[in-house]
2 protein chains.
Amino acid sequence: MSKVSKSTKSRILEATECLVAEHGFEAVSLRDITSNAAVNVAAVNYHFGSKEKLFEAIQCRYIEPINEERLRIIAELTAEGRVANVREILEAFMRPFLTVVKRSEMSEKLFFKLMGRCVIDHQGGLPEDMIPGIKKVAETFTSALLAAAPNLTTELTLWRLHFTFGVMAQTLLHGDLLHSLTDGACGDPDAEAQFQEMIDFCQAGFLTQKGAKE
Amino acid sequence: MSKVSKSTKSRILEATECLVAEHGFEAVSLRDITSNAAVNVAAVNYHFGSKEKLFEAIQCRYIEPINEERLRIIAELTAEGRVANVREILEAFMRPFLTVVKRSEMSEKLFFKLMGRCVIDHQGGLPEDMIPGIKKVAETFTSALLAAAPNLTTELTLWRLHFTFGVMAQTLLHGDLLHSLTDGACGDPDAEAQFQEMIDFCQAGFLTQKGAKE
DNA sequence: GTTTGATTTAAACATATGCTTGAATGTCGA
DNA sequence: TCGACATTCAAGCATATGTTTAAATCAAAC
């Protein structure tokens, strides 16, 4: 049921991913999906139960592996009582997007947009099954950062994690815009280079002293 | 037509602002708006021409004053050949949200959410009349930053402005979440304090050297 | 070949959407 | 008071939405 021509179910998943990446969850209708996937309208409800559940499946599909990868890396970094530094922790938070995109069959550009949507469009709450994983990630990274930077309080760490999240979401969703918007003044948006720019920016943000002068 | 009880037109504007702030542009219907404003459905098309044009009016209403304020401040900073520093420039970029909210009749929380929507939800392109203003702001701030920090290239400046935009959007839209999400571990979300945290974070991000170690 | 269950299909359902209409109501100057 | 214009209103229009149904088709086991 999988080799020669793709199953209805996976054709729906793929079409939905593309459409959501380009237009966002709110803007995509069942008919958009089914006509792009070349399947019957009823197929979505047959295979997924409802549009809502299809969207939840889309959200979980990559975010859960990404969260697992994040926890795997940070566990490695802090094994045997070692204390990771801020840069390593930020890398552990962001690099999973780069590794998981390679396992997927999507283009980098589309994959990042989809992840940006997942990370931002949490209207009506996240899928229930994802919440424990997300909480675990938040807690683990908060304490790792607290241990890594003696200048940080819990409150400050939370704020700066929040800002880092904004940097990440913006880059995932609109990382390709910068190239076109500036008539190419911003070079080829190579993912690894973008990634390093993000880390540089956020690392400095985390390490600065409150109210520091330049 | 304005004193005693509010006009139909402004009741529509206010209801739309609240609903959009809470649920986003895509999720708000004409009937949501008109029932909240206690006006007839046809009133929107009578006073604004279409739902689309109403949304454009909402977007322009505060963003245009904010962009004017940004340009006013930066002109002041760079008057008589003076060179502004990075912190001053970032303040010029962000503080207008704080000053314009006071001129409005909205609560801070709702106003910031609305601004977050305006800044992020640019599906289907921004209102045509806003584009020149936005371009002016982008150009002015890019060159000011280039002059302020000798470590920056044009490319790097654009990237970091991009990141700063992400920090700002995230904070506008979800600045209230941090308080509730962490069971109060992040103190009272006072707007001026949040603002200074943002500036600290982004200033450090702008001033860091490429690939700097901690 | 027949039967059983899974899948696909066309058609319809109920509701929601943005927008328009034409009549009613209000406002204000002549 | 009248007339002219602006505004409001209930009702309806055409289309789009998510979902369901019942029949048709397919696949594999017996």
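To find a chain, count down the sequence lines: A is the first, B the second, and so on, and within it residues start at 1.
Between A:F165 and A:F93, the ring planes lie tilted relative to each other; the angle falls in the 30° to 60° range.
Summarising the geometry, the separation between CD1 on A:I12 and C1' on C:dT9 is reported as 13 Å, rounded to the nearest angstrom. One atom, CG of A:N45, and another, P of C:dA12, lie 19 Å apart when rounded to the nearest Å. Summarising the geometry, the separation between OH on A:Y46 and P on C:dA10 is reported as 17 Å, rounded to the nearest angstrom.
For B:E105, the salt bridge (charged side-chain N to carboxylate O under 4.0 Å, His left out) partners two or more places apart in sequence, or in a different chain, are B:K6. Not counting sequence neighbours, B:E56 has no partner by the salt bridge (charged side-chain N to carboxylate O under 4.0 Å, His left out) test. Taking the salt bridge (charged side-chain N to carboxylate O under 4.0 Å, His left out) definition, one finds that B:E68 meets it with nothing, sequence neighbours left out.
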Please tabulate, for side-chain N and O atoms in residues 35-49 of chain A, each donor-acceptor pair with protein atoms closer than 3.5 Å (sequence neighbours left out).
unit_1 : atom_1 : unit_2 : atom_2 : d
A:S35  : OG     : A:R31  : O      : 2.9
A:S35  : OG     : A:D32  : O      : 3.3
A:N36  : ND2    : A:D32  : O      : 3.0
A:N40  : OD1    : A:A42  : N      : 2.9

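For DNA chain D, the contact window with chain A, defined by any atom under 4.0 Å from a protein heavy atom, covers D:dT17 to D:dT21 in 5' to 3' order.
Within the structure, salt bridge (charged side-chain N to carboxylate O under 4.0 Å, His left out) contacts touching residues 15-24 of chain A (residues at least two apart or in different chains) are A:E17-A:R61. Among residue pairs with one or both ends in residues 136-149 of chain B, none qualify as side chain to side chain donor-acceptor pair (under 3.5 Å); sequence neighbours excluded. Screening residues 88-99 of chain A for side chain to side chain donor-acceptor pair (under 3.5 Å) gives A:R82-A:E88, A:E91-A:R95, A:R95-A:E192 as the qualifying pairs, with residues at least two apart or on separate chains.
Neither OP1 nor OP2 of C:dT7 sits under 4.0 Å from any side-chain N or O of A:T8.
Looking at residues 28-44 of chain A, you'll see A:R31, A:N40, A:A42 sit with a heavy atom under 4.0 Å from some atom of DNA chain C.
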